[in-house]
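The structure under discussion appears below in the form of structure tokens.
Numbers here are sequence positions counted from 1. Note that the structure is a prediction, hence the values are computed from the model and not measured.
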Amino acid sequence: MSEKKRVFSGMRPTGQLHLGHYFGVIANWLDLQAEFNCFFSVVDWHAMTTEYADPWKVQKMVPGLVRDWVSSGIDPEKCVIFQQSAVKEHAELSLLLSMITPLGWLERCPTYKEQREQLAAKDINTMGFLGYPVLMAADILLYFAHAVPVGQDQLPHLELAREIARRFNHLYETDLLIEPQDLLTAEAKLPGLDGRKMSKSYGNAIALSDPIEDILPKVRSMLTDKNRLRKSDPGDPSICNLFPYHKLLTDPAKLPEIEEGCRNASWGCVDCKKVLMESLEAFLTPMQERRAKIDDDTVRDILADGNKRAREFAQRSMAQIRDAIGYDI
Ligand code: TRP
């Protein structure tokens, strides 16, 4: 296990995972867990940067996220699944790194500027929010992670983590901190039900834990090729919002038939949705069966074990980091 390269990634506990998360992030993690020594963290301190007014709400979300991960196939035997706030070394390293991070780097960070505009309703004029990338750098650097799977939006943060590592190594004449590489997740493969990005806040998502009977009306409501008004009109799968779902969820052998049927108008959107519903059911049912077996105690055990393993690693690496700056009292 120690021979393998290390991967670190984190997710904020902000709500149920949906299919967009699954195909965008989790599928990637599933591939990585065989090959790397993976640390996957529920980053509840990060969630507090925007949800500081209701930390109780954040904590309530933690077990659900672990349950979503494990029912999706993230294996606690293969990776370390843990809660950020259970490993205090994240806070210690974040503090030390904040000493060497120039304010300008944080103020210039595109996600900072963007979020301040988007979340104008929330008061996020806080030190914690500005320092978000420092905490994220601490998460990654604490585990000497070689690689970090992230989406496009997180690339500036990863670049900052590399710059902070470089600055630390330069200042203290060491090569202790590793500059992490990004494992870029491909652009969202699955749009929301209405064609926009899938997001709970847009009301266009299918959660991994949605009961099957609740999904049927959602599928019925999906937008298809808007030029196809009648069943007798030929359709175009390349502009239909349903087709990306088939590509990910339906038996590939059936795809040519679906495409043909749409283009020559031999079958309609209702038929197409019926097939998709079957594919969704076949995909989600085993996951939901696994989910039903993961009770509160199981989640507690998974986190207790993961927290312990993460803590052991972090305590050792933090001792080395303190040593590098002469603070190993
Ligand atoms: N900022 C990430 C996000 O919003 C979450 C995160 C926190 C993270 N720490 C991390 C991701 C470390 C990768 C590595 O998605």
Side-chain angles (χ1 to χ4, degrees), residues 9-31 40 42-43 46-47 49-51 58 61 64-65 68-69 72 74 109-122 124 129 132-133 136 148-159 182-210 214-228 235-250 269 272-273 276-277 279-280 283-284 287:
S9 202
M11 222 185 259
R12 283 168 294 153
T14 52
Q16 299 166 322
L17 292 193
H18 53 58
L19 286 171
H21 297 122
Y22 182 89
F23 290 108
V25 184
I26 301 290
N28 208 12
W29 289 14
L30 290 175
D31 289 339
F40 294 133
V42 179
V43 287
H46 274 95
T49 58
T50 53
E51 305 304 314
V58 173
M61 305 276 196
L65 184 55
D68 275 339
W69 286 357
S72 306
I74 303 297
C109 187
T111 49
Y112 176 68
K113 290 194 258 178
E114 234 174 72
Q115 292 249 45
R116 283 216 344 183
E117 284 161 26
Q118 279 185 14
L119 302 178
K122 260 184 195 160
I124 46 173
F129 187 72
Y132 186 108
M136 180 161 160
V148 180
V150 283
Q152 189 83 33
D153 63 315
Q154 297 294 315
L155 285 181
H157 291 158
L158 210 58
E159 185 54 37
D182 50 86
L183 297 171
L184 188 60
T185 311
E187 275 302 287
K189 293 185 198 117
L190 198 69
L193 297 168
D194 57 0
R196 292 185 292 169
K197 184 180 155 93
M198 190 180 279
S199 161
K200 197 178 122 190
S201 56
Y202 291 160
N204 65 359
I206 295 177
L208 300 180
S209 52
D210 272 351
D214 293 359
I215 297 175
L216 190 58
K218 291 190 181 182
V219 170
R220 275 203 206 105
S221 78
M222 281 177 77
L223 292 180
T224 52
D225 175 356
K226 61 179 187 319
N227 301 321
R228 193 177 183 195
D236 181 0
S238 72
I239 57 167
C240 173
N241 190 39
L242 212 68
F243 200 60
Y245 284 75
H246 278 306
K247 279 203 268 192
L248 291 168
L249 290 154
T250 300
C269 299
C272 200
K273 287 179 175 177
L276 177 62
M277 194 57 220
S279 309
L280 274 167
F283 177 76
L284 290 174
M287 213 182 267

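Using a 4.5 Å heavy-atom cutoff, the side chains of L242 and L223 are not in contact. Side-chain contact between C272 and H246: present, with at least one pair of heavy atoms (C-beta onward) separated by less than 4.5 Å. Using a 4.5 Å cut-off on side-chain heavy atoms (C-beta onward), F23 and L249 make contact. A 4.5 Å side-chain heavy-atom check between D236 and R228 finds every atom pair outside the cut-off. Taking 4.5 Å as the limit, some side-chain heavy atom of S72 sits within range of a side-chain heavy atom of M287. A heavy-atom distance below 4.5 Å is found between the side chains of T50 and I124. Counting only heavy atoms from C-beta outward, the side chains of M11 and V25 approach each other to under 4.5 Å. In this structure the side chain of T224 never reaches within 4.5 angstrom of the side chain of N241, judged on heavy atoms.
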Which atom pairs, donor and acceptor, lie under 3.5 Å between side-chain atoms of residues 150-157 and protein residues at least two apart or in another chain?
residue	atom	partner	partner atom	Å
Q154	OE1	H157	ND1	2.8
H157	NE2	T111	OG1	2.7

List the atom pairs, with distances to 0.1 Å, where a side-chain N or O of residues 113-121 and a protein N or O form a donor-acceptor pair under 3.5 Å, not counting sequence neighbours.
residue	atom	partner	partner atom	Å
R116	NH1	Y112	OH	3.0
R116	NH1	N125	OD1	2.9

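In this structure, the separation between CE on M198 and CG on L190 is 4.5 Å, given to the nearest 0.5 Å. How far CD of Q16 is from NZ of K200: 6.0 Å, rounded to the nearest 0.5 Å. M222 contributes atom CE, which lies 7.0 Å from atom NZ of K273 (distance to the nearest 0.5 angstrom). With rounding to the nearest 0.5 angstrom, the CG atom of D182 is 6.0 Å from the CG atom of L184.
Annotation: ring pair (Phe, Tyr, Trp, His ring centres under 6.0 Å) contacts of Y22 (sequence neighbours excluded): F283. By the side-chain hydrogen bond (donor to acceptor under 3.5 Å, both in side chains) test, N204 is found to be paired with D194, residues two or more places apart in sequence or in another chain being considered. Residues satisfying the side-chain contact (heavy atoms from CB on, under 4.5 Å) test with K218, not counting sequence neighbours, are L193, I206, D210. By the ring pair (Phe, Tyr, Trp, His ring centres under 6.0 Å) test, Y202 is found to be paired with no residue, residues two or more places apart in sequence or in another chain being considered.
Under the 3.5 Å distance criterion, the side-chain polar atoms of H46 are left unmatched by any main-chain donor or acceptor of V43. The main-chain N or O of I239 is never found under 3.5 Å from a side-chain atom of D225 such that the two would form a donor-acceptor pair. Checking side-chain atoms of S9 against main-chain N and O of P149 turns up a donor-acceptor pair under 3.5 Å.
Here the closest heavy-atom approach between residue P13 and residue L65 is recorded as CA-CD2, 4.0 Å. Considering every non-hydrogen atom in both T49 and Y132, the closest pair reads OG1-CD1, 3.4 Å. Shortest non-hydrogen contact noted between G235 and P237 is O-CD, 3.8 Å.
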Does the pair V148 and L183 meet the rule for a side-chain contact (heavy atoms from CB on, under 4.5 Å), with working shown? CA-CA 6 Å; V148 180; L183 297 171; over 6 Å; no
Please report the C-alpha distance between F243 and S238 in whole Å, then the side-chain angles of each, then the deciding distance to 0.1 Å, and finally whether the side-chain contact (heavy atoms from CB on, under 4.5 Å) criterion is met. CA-CA 7 Å; F243 200 60; S238 72; over 6 Å; no
Give the intermediate values and the outcome of side-chain contact (heavy atoms from CB on, under 4.5 Å) for residues I215 and L284. CA-CA 11 Å; I215 297 175; L284 290 174; 3.4 Å; yes
